[in-house]
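Below is one structure; the comments refer to it alone.
Throughout, protein chains are lettered first and strands after them, A, B, ... in sequence-line order, and every chain is numbered starting at 1. Below, each value reflects all heavy atoms present in this structure, side chains not excepted, and no hydrogens, waters or symmetry copies.
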2 protein chains.
Amino acid sequence: MRELLIALMLVVAFMAGGTQVEANEEAAKPNPVVKELKKVVEKVTKAATEVASETEFVLTPEEFEKCRVIYFDRCAGCHGVLRKGATGPDLTPNQMKRKGNKKLRDFIWFGTGGGMPGWGKMGTITREETDLLVKYIQNEPPVPPQWDMKKVKGSWKVIIPPEERPTKPEHDRDVDNMFAVILRDAGQIAIIDGDTKEVVSTIDSGYAVHIVRMSMSGRYVYSIGRDGKATMIDLWMKKPDTVAEIRCSLDARSIDVSKFKGYEDKLAVVGGYWPPQFVILDGATLEPIKIVSTLGFTYDTEEFHPEPRVASIVASHFAPEWVLNIKETGQVWLVDYSSPSNPGIKMIEAERFLHDGGWDSTKRYFLVAANARNKIAVIDAKEKKLAALVETGGIKPHPGRGANWVDPEFGPVWASGHIGDSVVSVIGTDPENHPDSAWKVVRTIKSLSSGNLFIKTHPNSKWVWLDTPLSKKSKYRTTVAVYDKANMAAGVFKEIKLADYGKAVHMEYNKAGDEVWISIWGNLGDAEKGKAGEIVVMDDKTLEVKTRIPNLLTPTGKFNVYNTVHDLY
Amino acid sequence: MRELLIALMLVVAFMAGGTQVEANEEAAKPNPVVKELKKVVEKVTKAATEVASETEFVLTPEEFEKCRVIYFDRCAGCHGVLRKGATGPDLTPNQMKRKGNKKLRDFIWFGTGGGMPGWGKMGTITREETDLLVKYIQNEPPVPPQWDMKKVKGSWKVIIPPEERPTKPEHDRDVDNMFAVILRDAGQIAIIDGDTKEVVSTIDSGYAVHIVRMSMSGRYVYSIGRDGKATMIDLWMKKPDTVAEIRCSLDARSIDVSKFKGYEDKLAVVGGYWPPQFVILDGATLEPIKIVSTLGFTYDTEEFHPEPRVASIVASHFAPEWVLNIKETGQVWLVDYSSPSNPGIKMIEAERFLHDGGWDSTKRYFLVAANARNKIAVIDAKEKKLAALVETGGIKPHPGRGANWVDPEFGPVWASGHIGDSVVSVIGTDPENHPDSAWKVVRTIKSLSSGNLFIKTHPNSKWVWLDTPLSKKSKYRTTVAVYDKANMAAGVFKEIKLADYGKAVHMEYNKAGDEVWISIWGNLGDAEKGKAGEIVVMDDKTLEVKTRIPNLLTPTGKFNVYNTVHDLY
């Protein structure tokens, strides 16, 4: 703008017939001529912006903000807030300008075969919003602000301090069999009694909660919203409610607790997407203790990456450690929390772009999907090293936390389905007694369809369950498949259609392992029609519907206290 | 510039009587009118820049580059390349604009009492350069580029591969008593035979080498230039020479080797100033293995810092670990190199702004100066934690690696002098047998003057030596002080004037501990007069001059192989 001002001064001077512009060290002070010129400049700039918005990629501040929000909600997850690409490709302006407006419009409206949803066609965004986004992604991405301790601490609220909380449960419910259910689009969490199926409490949470974890005692529920807001719920209260909350970053996906002996209920950790950092919290109050940046270099090419996001976190049972999966740099960080202000980080080279994963049955090995590379990385939490990188043979593995069982031929196995492929990859996990099958795909089982998100079983069950909520075929979006652990080679044992609306997504067992809860994720707008969502409770013995928990607002992930604490899946 | 162009189009259109500017989606293509306007804009911009350079802080590209180089050489060390401040204050443009040109000119020309040198008065920079710098620091600092693995690897040269190197020493000299001497302003390293005092080899190195380390076997010398260039010299060669080199960053101060049993001569590490990172190297070839960013949060306020520099590194004898001192964030990082591609980092909260330090006599405790805070942080390398923070009672402690001896009253002690104060602080280091004196200043001894940089002793010596090269009094700049370990309370035992030019700086013992080598750091321009520098070899028994090694080009730091390998100081 200074250049503009001076240039205009000169232009005006020139046009006016060569009036001298006096320049000396005092000229920085405003004088009447400059003032007048400033007004002209303001007018001209406004006009220029209007012209430019028609010819190039200029957005009004309002349009820019609208796009920023849409981008954050719909695009940043796969492409990154700085648009460097991750699960989805690089969307930086130079890349985008090469494509041209028409192609970009089509990508956004119709999606692609590679996994990009057709946001327009699906009705998520309008034609006008699509056109704005086409411009938006040809502009430099706005660099979002830092979120440091001052901001983190400023967001921290203890609603009920520890000393004012119950000293024993105020109800006779079995806390271990309670479920925390994410009501995703409502921004809420429902606490449901697993025995009576009663919705005990519905609690406001962060925006579009991604996951939930429980403290080792089972008493506290910790949730993390996509907006980085962590909330802590006390299940001992007569009507469980939020006792503390904090915003640890502006965009987040992961939270976990300290599970190692001696550290039960002591600490929590939140993994950020933006800023790329994790925050260690006091487990009783969520008071922030330490922020650690995840900025660094990609594990393979060792290029600096400005946005290495914490994709998922699990807590080790072997050591006072969390396993943090750093998506863009492809590193797994074992974070030692034994002195939380002085954390230790063991950096393990794994694979880009790390996403989600879970423990094997012994909880020594952590298996995590590098989903854009179609691989599963196996981390040995005892030896603190990469045990293997396994090609799954499918496209975009998405295990959730995966599923563990004993295969009659190959011994202990862990399995993942795929978003981009209709196969389940079953991987041997017992290097000691089944060395030939360890860290190999021992079975590739056909699933109903691509678009799988979660797989689940329980040590007490003979079945493995698979959803397909992202299937291209609407039928499979509301259908789950059941496999017989003893005869996986036979393929799908039973196909169960669960609803005539929404998506059937995410299975969770009750504590006993004899019920499977499956969410029907409808639309908020269909609540009056009873189609915002429900949970279907399946009898795991008979594979018949046992009951339904109706009229839930867009349920997605569900977390049984006991199974979550003990990593049973 | 686009805004400028459009604004000018409108202005011209307006002045020309309302000619319509046609705007549509194809308008981005150049047309004749736009071409003409572009030419006008170019002229106007040039004129505008000229005007602005007189009225504000605009520099020509040549001036800017000149200032960038001066700033890098003279200012960045204390103020940071992004000018956020460290040992010196924050120099970001908003801070600078508030001071005004006159004050800034005076600071740069005359210096300050707080430690800022009078660069103009000293004759280091001219009046014109001072004026340019006054403008430069009111401009935004240029963000220097990244230096990733591609760049690091591109700079890597193996001049003599390991298989072509000697299999045993090609000479009869005692490698353990060789000295590597930094010829600072010549950009060279001299290898000197400690027995014969012969300059065996003079080798080109990085720019203004900061320090030198030796591999555990004593065979290899590793040096690091301020320009981030590491060179590796083989002392087994008849005429020792460079066998490999690499540039690990654009600005650096520290290098060390793997000293733990089983890792001798295996690895090296370079700590960067910019980019803020460290690089792990193969010890035999300098092949780069891993880059790790040091970006993160200040230990106390937990604000994100864009430039946390690796100030100094020492190698642990207790574990396969390096101790990295991260200046701006005030953290000490214990870097586990046992799997160099998968490093472990134990982050220890210490104090801002960490600088240099050394081991206590047991090599369990590392004492490092937080010199802007007048403190020494004590790191317990065995327990991997902060043992203490000690107020030194002086201004800007600068220990180098410090000095260890046994005080008759307080047992094992370690000491540091000060840049900003004429005191030596003696700190107890034996928590087991002298718990009352451990991590306390047990003696405060008067020194000749402020402006001390190094303190030195040897287990076989009864003396402690102290230099004062930055003294305000010219006499003390060429004088060293000797103290009697057995009677420190008596103060200076002997004051020894060593030269009538330059600065007497940095003491180093020979292997036997019966000679002290002291550099006389003259001016390169005075080489013909024999006043570029020399080393004065003192007899440590008689405290008399034993001999002089004359005609050296600006010698500063000297590193005896045996003492450096075994951390004897």
If we define contacts as heavy-atom pairs under 4.5 Å, which of A:L295, A:V152, A:I291 has the most with chain B?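 With the most close heavy-atom pairs to chain B, the winner is A:I291.
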Heavy-atom pair count under 4.5 Å with chain B, highest-scoring of A:E303, A:M347, A:Q331: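 Result: the option with the highest number of such pairs is A:M347.
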Straight-line distance of [X] [atom1] to [Y] [atom2], nearest 0.5 Å:
{"X": "A:D300", "Y": "B:M149", "atom1": "CG", "atom2": "CE", "value": "11.0 Å"}
{"X": "A:I348", "Y": "B:S341", "atom1": "CD1", "atom2": "OG", "value": "12.0 Å"}
{"X": "A:Q277", "Y": "B:E302", "atom1": "CD", "atom2": "CD", "value": "10.0 Å"}
{"X": "A:S339", "Y": "B:E383", "atom1": "OG", "atom2": "CD", "value": "12.0 Å"}

Taking B:K346 for its side chain and A:N342 for its backbone only, find out whether a donor-acceptor pair lies under 3.5 Å.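 The answer is yes, because a donor-acceptor pair under 3.5 Å joins these two groups.
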So for A:K290, is it side chain, backbone, both, or neither that comes closer than 4.5 Å to the heavy atoms of chain B?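 When you check distances to chain B, atoms from both the backbone and side chain of A:K290 fall under 4.5 Å.
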Could you look at A:Q146 and say if it's the side chain, the backbone, both or neither that has a heavy atom under 4.5 Å from chain B?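 Answer is side chain: those atoms of A:Q146 sit under 4.5 Å from chain B.
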Closest contact, heavy atoms only, B:G296 versus A:S293: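 Minimum heavy-atom separation between B:G296 and A:S293: CA-CB, 3.8 Å.
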Which atom names give the shortest non-hydrogen contact between B:F304 and A:D148, and what distance separates them?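 For B:F304 versus A:D148, the nearest heavy atoms are N-CB, 4.3 Å.
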Is there side-chain contact between A:K150 and B:T301, with heavy atoms separated by less than 4.5 Å?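 Side chain of A:K150 against side chain of B:T301, heavy atoms only: no contact under 4.5 Å found.
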